[in-house]
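Contents: one structure, followed by commentary.
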Amino acid sequence: MKEEIQKSLQDIISGLYDNPELNTDLYVVHIQDNKDKEHGDLASNIALVLSKPLKKNPKEIANEIIEQFSLDANIIKVEVAGPGFINFFLSKSSHGEVLKKISSEKKNYGKVQPINKKVLIEYVSSNPTGPLHIGHGRGAVFGSVLSKLLKEAGFEVDEEYYVNDFGRQMNILSVSLWIRYAQLFDSQVKMLKNGYQGEYLIDIAKKLKKIKSDEFYIANKNISKLINSDQEEDEVFTDHVIEIFKSQLSKDFNFLRDFALEEIIDLIKRDLLDFGVNHNKWFSESSLYQNDKETESRVEKAIQGLKSNGFVYEKDNAIWFKSSDFGDDKDRVLKRGNGDYTYFASDVAYHLDKYDRGYDRVINIWGSDHHGYIPRVKAAMEANNRDKDKLEVVFIQFANLIREGKKITMSTRSGEFITLKELIEEVSTEAARFFYINRKADQHLDFDLDLAKEQSKDNPLYYIQYAHARICSVLRKSKAKDSELDNSDLALLDSDREVEIQKMLQQYPTLIEKAALSSEPHLICYYLKDLASSFHSYYNSEKFLVEDEMLMNSRLFLLSGVKQVIHNGLSILGINAPQEM
RNA sequence: GCCCCGUUAGCUCAGCCGGAUAGAGCGCUGGAUUCCUAAUCCAGAGGCCAUAGGUUCAAAUCCUGUACGGGGCACCA
């Protein structure tokens with residue numbers, strides 16, 4: 001309906017005012033939904049916009065336009081109001097079209113035809129050194145909902161997890177695992193101060209013991225003494241221990257590392273799956289460093305690319321990238337003085353790889369603490385002759401957990417964090433997903449654990465789900481068949497509440513499109529709350545199982561539309577719409 | 001110092017690609033259930049949209065400054 005009005009207005013103004021001085025194609029007619037019923041259903045501000053270029057009174061323009069506008073069965077009245085708005089009044093029966101559409105499209109209502117565009121969303125990508133904790137939860141939900149949303153908007157989506165399985169932290173993880181393992185034989189062995197303290201490594205150590213018995217321990221027993229001499233958090237000492245381990249265990253050290261890595265990734269994958277998060281691609285950082293006999297690794301190639309464009313230099317034994325040439329605060333190190341590549345070096349190679357895989361959009365979902373990181377990555381893309389604007393980064397602000405009105409404090413040090421798994425066990429996957437996504441991503445979020453568990457209208461998720469369950473219940477009792485509802489008389493749905501609900505249902509596809517384009521899935525939550533609220537009002541004001549079968553069927557038809565849209569919206573959030581509660 | 005983000009009802013927050021009288025939930029006050037799920041609904045009170053300018057026919061919305069609050073600025077990952 002909007003599109004039709006827009007088109008005919010566009011035709012009218014180009015007919016009336018188009019001339020060599022004024023190209024009316026430049027003025028896009030905007031049609032808005034009106035809040036106030038007095039103003040009709042839809043309105044256009046085009047006369048106000050054209051007032052200046054035409055040097056004419058907007059009301060006069062509006063009147064000229066509506067003279068040319070022809071009414072039909074759906075658009076029953078048009079008028080000029082206020083400073084020059086053109087208001088459109090729709091017939092009550094015209095609102096019912098949306099119900100037929102929903103009824104025929106069902107799950108696909110709101111879905112856009114494939115647009116043949118590919119998008120890569122990289123998210124979570126937490127270090128594989130321990131299980132996911134609640135700090136990762138928000139990004140995880142956001143990424144998975146955005147993925148569903150973009151699929152709904154017609155994109156082909158890949159969801160990727162970048163595994164940081166390279167470098168020093170992997171070594172520390174291996175050492176930590178060995179210590180946990182050694183502790184199974186000698187409880188006197190102490191964990192490194194800088195080691196990974198979490199208990200999950202004990203479980204993994206037990207598994208290791210099952211496979212290797214005491215083999216690794218006996219052969220390297222002497223290291224325990226060295227470790228126990230660790231008294232303070234000294235990075236140099238930690239590196240020293242790593243070196244000893246590497247030389248003494250040699251091949252076994254790699255085994256240890258691979259074993260720990262595999263176990264932890266397994267843990268992460270299980271947690272994500274329980275949380276409704278499904279990455280279809282897992283990208284290993286260390287693969288960027290593999291080189292075939294003939295070619296250099298992707299990291300070396302990436303640096304070579306920067307170098308050949310003249311943006312690399314050497315200083316203090318390190319290799320630097322001149323990111324300051326592209327607006328970054330300062331230059332960044334690619335390869336440290338000790339010969340190690342930095343994380344940034346990996347990231348340059350990784351992003352080049354993403355670009356070269358042929359996506360139309362590349363989206364990163366990062367914790368907001370990484371925002372200072374954008375300039376250098378974009379600089380690296382630019383320096384490699386790639387379009388820096390292709391990379392979109394969404395920042396996720398941290399979430400606080402609130403219990404009994406108070407913030408729960410955590411320290412990631414020493415492993416005292418609440419895991420994602422514990423959160424899910426406490427409040428359920430669905431509540432956790434909803435509460436994480438319910439707020440704009442770049443805003444602080446207070447996650448109220450008590451509210452998430454509450455079963456009342458104060459809990460917005462229950463409120464929405466309850467609306468769905470209530471409708472299911474009515475439909476069950478009515479025993480009405482879909483085919484009967486399809487033939488109901490839509491003109492009977494003419495009360496204010498009924499019209500309002502039909503309008504809301506009509507807005508759903510626009511909402512999905514908007515949420516997808518702006519990467520703002522929280523809009524779905526707000527929409528669903530509004531829709532549920534309108535339904536609950538309606539439910540309390542009308543009776544549905546009435547004698548008059550035509551009336552009953554038309555009302556039930558409306559309810560089934562609401563039900564379908566709640567279902568579709570929740571499914572994008574990865575949340576179930578219950579038949580009963 | 002530099003860079004992000006915020007400031008809207010007592011509280012928690014929507015709205016922000018400019019549109020007509022600024023919204024929701026909680027809390028507060030008062031009401032609704034012989035009936036399809038009261039896990040619900042209805043009504044009322046409650047606002048200089050931080051502040052000062054600017055752009056515009058029109059600003060909570062766009063631009064600039066200021067104040068206050070949160071976060072970030074590694075040869076870490």
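Between A/S495 and A/E498, the side chains place a donor N or O and an acceptor N or O closer than 3.5 Å (distance only, hydrogens not considered). Side chains of A/Y462 and A/Q455: a donor on one and an acceptor on the other come within 3.5 Å.
With B/A39, B/A77, B/C41 as the choices, the nucleotide that has an atom nearest any side-chain atom of A/R336 turns out to be B/A77. When distances are taken from the side chain of A/D369 to each of B/G72, B/C36, B/C42, the shortest belongs to B/G72. Of the candidates B/G71, B/U37, B/C17, B/C17 carries the atom nearest the A/K514 side chain, counting heavy atoms from C-beta on.
A close approach under 4.0 Å does not occur between any side-chain nitrogen or oxygen of A/R476 and OP1 or OP2 of B/U37. Taking 4.0 angstrom as the limit, A/S473 places a side-chain polar atom (N or O) nearer than this to OP1 or OP2 of B/U37. Between A/K330 and B/C2 there is no side-chain N or O to OP1 or OP2 distance below 4.0 Å.
In the region residues 312-321 of chain A, proximity to RNA chain B at under 4.0 angstrom, judged on heavy atoms, holds for A/K315, A/D316, A/A318, A/W320.
Under the stacking criterion of a centre-to-centre distance below 5.5 angstrom and an interplanar angle below 30°, A/F85 is not stacked against the six-membered ring of B/G19.
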Show the distances under 3.5 angstrom between N or O atoms of the protein and N or O atoms of nucleotides 54-64 of chain B.
unit_1	atom_1	unit_2	atom_2	d
B/C57	OP1	A/K52	NZ	3.1

TODO: Can you check each nucleotide of nucleotides 5-14 of chain B against protein heavy atoms at under 4.0 Å and return B for base, S for sugar-phosphate only, - for none, in 5' to 3' order?
DONE: SS------SS
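We find the OH-CD distance between A/Y343 and A/Q169 to be 9.0 Å, quoted to the nearest 0.5 Å.
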